[in-house]
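Comments concern the structure below.
We number each residue from 1, following the sequence as shown.
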Amino acid sequence: GIGIPKAQQGDIFKRFFRAENAMKRDPEGSGLGLFIVRSIIVRHSGDISFESSEGKGTSFAFKVPLRR
């Protein structure tokens, strides 16, 4: 990926948010993907995190508890 600018990283899970560099690269898209992913994970009592460096990419990790 292209990475998320540091100043915008706090907004990436907000509904309809798209980073400025992503909009320049690809004007299409709704900004709903990460919002939906986070919503699903949270509803399953999980957590999602990420590390990002603009120009280098972004890595996401999530945890969801197992139920027996």
Side-chain angles (χ1 to χ4, degrees):
I2 58 176
I4 304 159
K6 199 147 214 60
Q8 297 181 322
Q9 289 182 10
D11 296 326
I12 66 163
F13 295 114
K14 291 182 179 177
R15 187 183 310 204
F16 303 119
F17 176 77
R18 295 193 67 218
E20 290 177 13
N21 59 348
M23 288 189 292
K24 288 178 185 174
R25 184 176 184 189
D26 182 8
E28 300 294 320
S30 64
L32 287 173
L34 290 173
F35 172 79
I36 292 170
V37 167
R38 183 181 178 278
S39 296
I40 292 168
I41 291 169
V42 168
R43 286 182 185 224
H44 286 87
S45 301
D47 188 39
I48 185 168
S49 61
F50 69 96
E51 291 183 6
S52 186
S53 179
E54 190 172 6
K56 294 184 179 180
T58 305
S59 296
F60 290 88
F62 68 94
K63 296 178 185 178
V64 179
L66 295 176
R67 295 186 184 170
R68 293 179 187 234

Taking all atoms of both residues into account, what is the closest heavy-atom pair of [X] and [Y], and its distance?
| X | Y | answer |
| --- | --- | --- |
| S45 | P65 | O-CD, 3.3 Å |
| F13 | F35 | O-CD1, 3.4 Å |
| E28 | R18 | O-NH1, 2.9 Å |

With rounding to the nearest 0.5 Å, note down the distance linking [atom1] in [X] to [atom2] in [Y].
| X | Y | atom1 | atom2 | answer |
| --- | --- | --- | --- | --- |
| R67 | H44 | CZ | NE2 | 7.5 Å |
| R15 | S39 | CZ | OG | 7.5 Å |
| S30 | F16 | OG | CZ | 7.0 Å |
| I41 | L34 | CD1 | CG | 9.5 Å |
| M23 | N21 | CE | CG | 9.0 Å |

Task: ILVMFWY cluster, F50 and V64 together (side-chain gap under 4.5 Å) - done: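 Same cluster.
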Task: Path from L32 to I48 over hydrophobic side-chain contacts below 4.5 Å - done: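 Looking at the clustering, I48 is in a separate group from L32.
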Task: Any donor-acceptor pair under 3.5 Å from R38 side chain to I12 backbone - done: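 Checked: no pair found.
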TODO: Give a yes or no answer on whether the side chain of Q9 reaches the backbone of I4 with a donor-acceptor pair at less than 3.5 Å.
DONE: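 Present.
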TODO: State, with a plain yes or no, whether a side-chain heavy atom of V37 is found less than 4.5 Å away from one of F62.
DONE: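 V37 does not reach F62 side chain to side chain.
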Task: Check against side chain to side chain contact (heavy atoms under 4.5 Å, CB included), T58 and E51 - done: CA-CA 6 Å; T58 305; E51 291 183 6; over 6 Å; no
